[in-house]
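What's counted below: heavy atoms across the whole structure, side chains too, no hydrogens, waters or symmetry copies. Letters go in sequence order (proteins before strands), and every chain restarts at 1.
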Number of protein chains: 2
Amino acid sequence: MSKSTIYQIAEQVGVSASTVSRALSGNGYCGRRTKAKIMEAAKALNYAPDHAAKILKTRKTNKIIFAVPDICNPFYFDMINGINQVAEEYGYLLILYYTKHRLSEELKAIQNVKERVADGMIMVSFHFCEENISAINDLSAPVVLTNQYESPGGGDRFDYVYVDTFEGTKQGTKHLIGQGLKRIGFIGGSLSEQTGRQRFGGYREALLEAGLPYTEEHVIESDYTEKGGYLAAKRLLESNGRPHAIVAANDLMAIGVMHACEEAGLSIPEDMAVVGMDNLDVASRVHPKLTSVSLEQEDIGRRAAQILMDRLHGRAGYEKAVKIVPKLVVRQSSVRMH
Amino acid sequence: MSKSTIYQIAEQVGVSASTVSRALSGNGYCGRRTKAKIMEAAKALNYAPDHAAKILKTRKTNKIIFAVPDICNPFYFDMINGINQVAEEYGYLLILYYTKHRLSEELKAIQNVKERVADGMIMVSFHFCEENISAINDLSAPVVLTNQYESPGGGDRFDYVYVDTFEGTKQGTKHLIGQGLKRIGFIGGSLSEQTGRQRFGGYREALLEAGLPYTEEHVIESDYTEKGGYLAAKRLLESNGRPHAIVAANDLMAIGVMHACEEAGLSIPEDMAVVGMDNLDVASRVHPKLTSVSLEQEDIGRRAAQILMDRLHGRAGYEKAVKIVPKLVVRQSSVRMH
DNA sequence: TTTTGAGATGGAATCGATTCCAGAACGGGT
DNA sequence: ACCCGTTCTGGAATCGATTCCATCTCAAAA
């Protein structure tokens, strides 16, 4: 049987539509007996409220959009998970919008918010530029970004939540230093990109703080792939005074490092300690299990969603910019057993 | 500047709202000059169509719901990816609904469809029962399930797309047999569940077809975890006439098997060939790389979404039930080099 | 008995776009 | 000059729920 409207219920019961609306929504007065009859009729007529009509009148969609550059990347799954936890708690549905690393798609996502498809948006932007920013600032709906960003004028309307990857590699490096290791190599991404520089910076600072010498030969720029890590590690192993530990800027490269060591007959962690970053599933599945810096994606998602909810409910006390501190997960690859 | 409505544009330009609607949507006649003025005013007034109003009138939300039991499971992310590819092609947005393996949440997802939050739904149901099925059949919107299911009366309104896991383990086992291996063990899940029985069945049939003897001692029921696979493998390795190959009902258990072999000093694939199932990311990251049966999740998603779109657009020619054939991905763990 | 106010209800406007229908304008062909 | 069909436009209804406002009832307080 197809569903019905409040008008049909009203007719059936013999009351006005306003009364039916009040009875069903609970807003406003409604007599006990009338209410019971309305409820009964609603059931009998297979009533379900029409979402679109409700939205049109109330201006609330109870949906949020998560605009994500890459749907295939496990990194973002955890964010989705975190976002959904909070969204659900507040009774919001989550719309996934796949931007494919394209500015045009990011703008379309913003347009969706403008058309009131959703009440707010969380976005991982890969094209953080004037066009983008002004489009977001033009929205009346709140937006939370997960980019690190210093607002030049300070007048931006959005908030952001980001991970401090500098702190991440710093923690990883300090952990190795704490294990008594002194010659520590670093395999990162390109230093011409911000991401690459940040991760390198943390490694560099940990050495500095510990008063350890910095050897340029022990730092290799690679490409975040397993193969890249493997090749980089081979070079490090051939360098004179080879390092006894390696910090890799992500887990895939760290796994490449492990394979290179295995091939060279070096055992991990005895001959070479390894630390990765991202804390992918695979980190705990390789042998030996890989110590890795978790970027706390789920937490990013949760915090971003929380800020969005705070904004949507006009609550005060949220922070415009939240910095998430990564968390070192120590496993076998970096701890020598005695 | 906040956005405006067609009425404001109409007033600005000095025409009626109907004309503005026609100009902007392109449905119906509109003079060239008027249209130009309307477009200009729309831009000037920062116009964006109101989604809710449009839905209310047109009865089309251009959204579909994907109800998924587990947001953390990478298995489903590939499905999401597949669904999204098709949804996007047709201009639909994807709403993710996390059912947490709970019937009550599945019913809520169905309720959402009833309230016209979305035009249709794809659901991975873990509670396929009378209550569920009748709720789905009551909907006027189309639903595609990814469960294998034989409609008892044949009167069900939904369609389904599912993977033939029986065929999957059969392929994996046949592949090993094709490598000249004769003593092949099997590590599966509980045989009291349908999933477990299907996967075991494929293994059994492959042996039968090849005329190989079936040894009960070489079949172990485990629990789909890495540790479970590890323990099961240890038992297999101790059995008399230990197998030279093992088919594991999923990749996690296969990885456990690999660790057990490593520990026992057996090299893979020379002393023991291993085949897994699911083709997780990690399968291609372990050493040696794991041969695995891909359940083609992305394809499931695509097919399901395609059927949904066909239904939504009243196209004929779709199939009510689509069986996806899994695909064996051969890697190092099962191929002896000569 | 009168006053008062809480509770219950109906009427009507509203949210913003779409679309049917009627009528106006316009141009080409006779 | 007239007719006719095409193109253009405005008015009004519609989608379904919410909500403000006015009215009405009824019981308790004065």
Value in whole Å for how far the C1' atom of C/dG16 lies from NE2 of A/His51: 16 Å
Can you see whether B/Ser125 engages B/Glu106 through a side-chain donor-acceptor pair at a distance of less than 3.5 angstrom? yes
Whole-Å gap separating C1' (C/dT19) and NZ (B/Lys54): 14 Å
Given side chain to side chain contact (heavy atoms under 4.5 Å, CB included), test B/Tyr92 with B/Leu312 step by step and report yes or no. CA-CA 11 Å; B/Tyr92 280 70; B/Leu312 286 172; 3.8 Å; yes
Residues that B/Ser21 engages under side-chain hydrogen bond (donor to acceptor under 3.5 Å, both in side chains), provided they are two or more places apart: none
Assess the side chains of B/Lys323 and B/Tyr160: does a donor N or O sit below 3.5 Å from an acceptor N or O? no
Residues in contact with DNA chain D, drawn from residues 110-117 of chain A - heavy-atom cutoff 4.0 Å: none
Report yes if at least one side-chain N or O of B/Arg59 is closer than 4.0 Å to OP1 or OP2 of D/dT14; otherwise report no. no
Trace of the side chain to side chain contact (heavy atoms under 4.5 Å, CB included) decision for B/Val113 with B/Val117: CA-CA 6 Å; B/Val113 175; B/Val117 170; over 6 Å; no
Euclidean distance, atom CG of residue B/Leu45 to atom P of C/dA17 [Å, nearest integer]: 12 Å
Check: B/Tyr98/A/Gln85 side-chain N/O donor and acceptor closer than 3.5 Å: no
Gap between atoms NZ and P, on B/Lys57 and D/dC15 respectively (whole Å): 7 Å
Side-chain donor-acceptor pair under 3.5 Å between A/Gln8 and A/Tyr47, yes or no? no
Should the ring pair B/Tyr90 and B/His313 be called parallel, tilted or perpendicular, given that the plane angle runs from 0 to 90° and is split at 30 and 60? tilted
Expected list for residues 3-11 of chain B near DNA chain C, using heavy atoms below 4.0 Å, is B/Thr5, B/Ile6, B/Tyr7
Given A/Ile65 and A/Ile122, is the side chain to side chain contact (heavy atoms under 4.5 Å, CB included) satisfied, shown in steps? CA-CA 6 Å; A/Ile65 293 181; A/Ile122 296 171; over 6 Å; no
Whole-Å distance, A/Lys60 NZ to C/dT14 P, equals 24 Å
Can you pull out every salt bridge (charged side-chain N to carboxylate O under 4.0 Å, His left out) where at least one residue sits in residues 16-43 of chain B? Sequence neighbours excluded, please. none
Between C/dT18 and B/Asn27, is there an OP1 or OP2 to side-chain N/O distance shorter than 4.0 Å? no
For the pair B/Val143 and B/Arg157, evaluate side chain to side chain contact (heavy atoms under 4.5 Å, CB included) and give the outcome as yes or no after the intermediate values. CA-CA 8 Å; B/Val143 173; B/Arg157 302 269 304 280; over 6 Å; no
Check every strand shown and say whether B/Ala23 touches a base, only sugar-phosphate, or nothing at a heavy-atom separation below 4.0 Å. nothing
Are any protein N/O atoms closer than 3.5 Å to N/O atoms in nucleotides 5-11 of chain D? If there are, list each pair with its distance.
{"unit_1": "D/dT7", "atom_1": "OP2", "unit_2": "B/Tyr29", "atom_2": "OH", "d": "3.2"}
{"unit_1": "D/dT9", "atom_1": "OP1", "unit_2": "B/Thr34", "atom_2": "OG1", "d": "2.4"}
{"unit_1": "D/dT9", "atom_1": "OP2", "unit_2": "B/Gly31", "atom_2": "N", "d": "2.7"}
{"unit_1": "D/dT9", "atom_1": "OP2", "unit_2": "B/Thr34", "atom_2": "OG1", "d": "3.4"}
{"unit_1": "D/dG10", "atom_1": "OP2", "unit_2": "B/Ser16", "atom_2": "N", "d": "2.7"}
{"unit_1": "D/dG10", "atom_1": "OP2", "unit_2": "B/Ser16", "atom_2": "OG", "d": "3.1"}
{"unit_1": "D/dG10", "atom_1": "OP2", "unit_2": "B/Thr19", "atom_2": "OG1", "d": "2.6"}
{"unit_1": "D/dG10", "atom_1": "N7", "unit_2": "B/Arg22", "atom_2": "NH2", "d": "3.0"}
{"unit_1": "D/dG10", "atom_1": "O6", "unit_2": "B/Arg22", "atom_2": "NH2", "d": "2.9"}
{"unit_1": "D/dG11", "atom_1": "N7", "unit_2": "B/Ser18", "atom_2": "OG", "d": "3.2"}
{"unit_1": "D/dG11", "atom_1": "O6", "unit_2": "B/Ser18", "atom_2": "OG", "d": "3.2"}

Residues A/Glu115 and A/Gln111: side-chain donor-acceptor under 3.5 angstrom: yes
Tell me: CG of B/Asp50 to C1' of C/dT18, nearest whole Å? 13 Å
Would you tell me whether B/Asp119 and B/Asn62 have side-chain atoms, one donor and one acceptor, within less than 3.5 Å of each other? no
Is a side-chain donor-acceptor pair under 3.5 Å present for B/His51 with A/Lys114? no
Please report the distance, rounded to the nearest Å, between CG in A/Leu56 and P in C/dT18. 12 Å
Helix axis bend for the helix from C/dT1-D/dA30 to C/dT30-D/dA1 - C1'-based end axes, five pairs, 10° rounding: 50°
